[in-house]
Structure formats: C-alpha cells, structure tokens
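Before any comments, here is the structure.
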Amino acid sequence: MLKSMAVFGHLNTQGQPQSTMAAPSRTLNCEDFSMFQEVLKVMRTIDDRVVHALNTSVPTASFSDKVDGKKTCKKLYESLMEAHLSRDKAIKACITETSAVVGQLREERAQNSDNMSIVKQLRKEQTKLKLMQSELNVEEVVNDQSLKVFNERCRIHYTPPRTK
C-alpha cells in the first residue's frame with residue numbers, strides 16, 4: 001500500500017497520505033487544440049488512476065482497524081472534486097476565449113467577405129470551438145465514471161456532501 005500511494009502523494013510518518021492525488025496544475029493552451037487535449041489528458045490522470053488509488057488506500061474489512069477509511073475517502077473525494085472543478089474552469093475559459101476570436105473573425109468577415117484567409121481562419125476557429133465544447137461532454141463522462149467507482153468503494157466509509 002505504501003508504495004502505490006506514493007504515486008498520488010507522499011505519506012506522513014504514520015503511513016497516511018499527506019497530499020492527495022490532485023491534478024497537475026498545467027495551463028491549457030487555447031490556441032493549439034492538440035496541446036489543449038494533451039494538457040487535459042494530463043489533468044485527467046487522477047480520474048484514470050482512481051480505481052488503483054481506491055484499491056490501494058481504502059481498507060477492506062480485515063484492515064479497517066489499521067487505516068482510517070473515512071479520512072482516506074474524504075481526501076480522495078476532495079481531490080477528485082478539485083480536479084473536476086479545475087478542468088471545468090479551464091475548458092470553459094478556453095471556450096470563452098475561442099468564442100471571442102470567432103466573434104472577432106465574424107466581424108472581420110462581415111467587413112471584408114472577399115478575404116478568403118479570414119473565411120478560412122473563421123472556419124478553423126469554429127471547428128476548434130466545437131471540439132472544445134465537445135470536451136465538456138467528455139469531461140462529464142469522465143467525472144461520472146470516477147464518482148461511480150468512488151461511491152462503490154467508499155460508500156461505507158464516507159458520504160460526500162450533497163451537490164446541486
């Protein structure tokens with residue numbers, strides 16, 4: 001258990017996780033969609049590893065006296081929520097930024113509809129905007145899957161606060 005928890009944070013002297021497996025703090029590049037996706041992939045690491053984290057840190061019935069399941073599940077839940085919120089804000093910020101670029105290019109096209117480079121750039125930005133908006137749907141699926149696994153494993157140890 002101790003070695004596997006090191007992937008998500010370091011352990012204190014009692015073997016308890018000191019920091020949680022929060023998503024790496026990276027800034028999304030809204031201009032380059034492939035970089036945008038790459039950073040999101042890194043930010044989703046916590047969700048990709050949630051099953052492993054639960055298997056290695058949440059006690060089974062035979063070890064429940066050695067590990068505080070409530071504390072462990074609460075920290076994991078807080079890390080998940082922090083990561084989900086962070087990604088949601090980052091994606092929405094890029095959508096807002098790209099929407100502004102699309103709006104600006106539409107104005108430019110309205111003033112100079114014969115300029116094919118503006119038309120091409122507008123199409124490119126509109127496509128990027130649609131792809132970014134689709135990432136919100138991907139984010140919803142990733143979040144739902146993580147929370148489902150979390151609830152299956154931690155429901156006897158910790159009940160998260162109700163959200164909207």
Side-chain angles (χ1 to χ4, degrees), residues 4-10 17-58 72-155 158-164:
S4 56
M5 279 303 293
V7 171
F8 305 110
H10 60 280
Q18 195 142 3
S19 66
T20 54
M21 48 183 240
S25 60
R26 302 260 317 252
T27 306
L28 281 182
N29 178 344
C30 301
E31 293 176 26
D32 180 352
F33 187 73
S34 62
M35 287 300 296
F36 170 85
Q37 282 188 306
E38 190 62 35
V39 173
L40 275 178
K41 180 180 173 185
V42 171
M43 292 174 77
R44 288 180 176 139
T45 301
I46 184 173
D47 293 272
D48 295 339
R49 296 181 179 167
V50 71
V51 171
H52 177 72
L54 289 166
N55 286 340
T56 58
S57 63
V58 177
T72 304
C73 287
K74 182 178 184 201
K75 282 184 179 266
L76 180 58
Y77 178 79
E78 289 168 352
S79 293
L80 280 171
M81 291 302 100
E82 181 183 325
H84 293 178
L85 183 62
S86 169
R87 291 193 311 258
D88 186 65
K89 283 182 180 179
I91 294 168
K92 287 179 178 175
C94 280
I95 288 172
T96 300
E97 184 180 312
T98 305
S99 293
V101 171
V102 167
Q104 180 183 1
L105 288 168
R106 281 184 178 150
E107 288 177 18
E108 289 178 28
R109 183 190 62 186
Q111 294 172 357
N112 190 358
S113 60
D114 295 336
N115 187 335
M116 288 310 291
S117 70
I118 292 174
V119 172
K120 284 175 78 174
Q121 185 64 25
L122 175 59
R123 285 188 190 137
K124 179 182 171 189
E125 292 296 319
Q126 286 173 324
T127 300
K128 181 170 68 171
L129 179 60
K130 287 176 186 172
L131 292 170
M132 286 178 174
Q133 289 168 332
S134 73
E135 282 299 325
L136 284 175
N137 295 330
V138 171
E139 190 65 20
E140 186 177 342
V141 170
V142 168
N143 294 352
D144 287 349
Q145 288 175 340
S146 295
L147 290 174
K148 180 182 177 201
V149 169
F150 172 85
N151 287 326
E152 286 172 359
R153 191 65 198 269
C154 280
R155 68 176 170 249
Y158 175 74
T159 304
R162 293 273 179 214
T163 54
K164 308 175 215 168

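Worth knowing before you read on, the calculation uses all heavy atoms, side chains too, and leaves out hydrogens, waters and symmetry mates.
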Start with the C-alpha gap between K128 and E97, add the side-chain angles, then the distance that decides, and say whether salt bridge (Lys or Arg N to Asp or Glu O under 4.0 Å) holds. CA-CA 11 Å; K128 181 170 68 171; E97 184 180 312; over 6 Å; no
Heavy-atom check, side chain of [X] versus side chain of [Y], under 4.5 Å:
| X | Y | result |
| --- | --- | --- |
| D48 | V142 | no |
| Y77 | C154 | no |
| T72 | Y158 | no |
| E125 | Q121 | yes |
| I46 | E82 | no |
| D47 | H84 | yes |
| N143 | R87 | yes |
| L76 | L54 | yes |

What's the separation between atom [atom1] in [X] and atom [atom2] in [Y], rounded to the nearest 0.5 Å?
| X | Y | atom1 | atom2 | result |
| --- | --- | --- | --- | --- |
| I91 | E135 | CD1 | CD | 6.0 Å |
| K74 | S79 | NZ | OG | 12.0 Å |
| L131 | S34 | CG | OG | 11.0 Å |
| T98 | K130 | OG1 | NZ | 13.5 Å |
| R109 | L122 | CZ | CG | 5.0 Å |
| S99 | R106 | OG | CZ | 8.5 Å |

What do the steps show when you test V119 against N115 for side chain to side chain contact (heavy atoms under 4.5 Å, CB included), and what is the final call? CA-CA 7 Å; V119 172; N115 187 335; over 6 Å; no
Can you check side chain to side chain contact (heavy atoms under 4.5 Å, CB included) on R153 and V51, steps first, answer last? CA-CA 9 Å; R153 191 65 198 269; V51 171; over 6 Å; no
Decide whether Q111 and E107 meet the rule of one side-chain donor and one side-chain acceptor closer than 3.5 Å.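 The answer is no; no qualifying pair exists.
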Please answer whether the main-chain N or O of L147 pairs with a side-chain N or O of N151 as donor and acceptor at a distance below 3.5 Å. yes
Partner of K41 by side-chain contact (heavy atoms from CB on, under 4.5 Å), out of M43, E38, Q37: E38
Stepwise, does the side chain to side chain contact (heavy atoms under 4.5 Å, CB included) test hold for L129 with Q133? CA-CA 6 Å; L129 179 60; Q133 289 168 332; 4.0 Å; yes
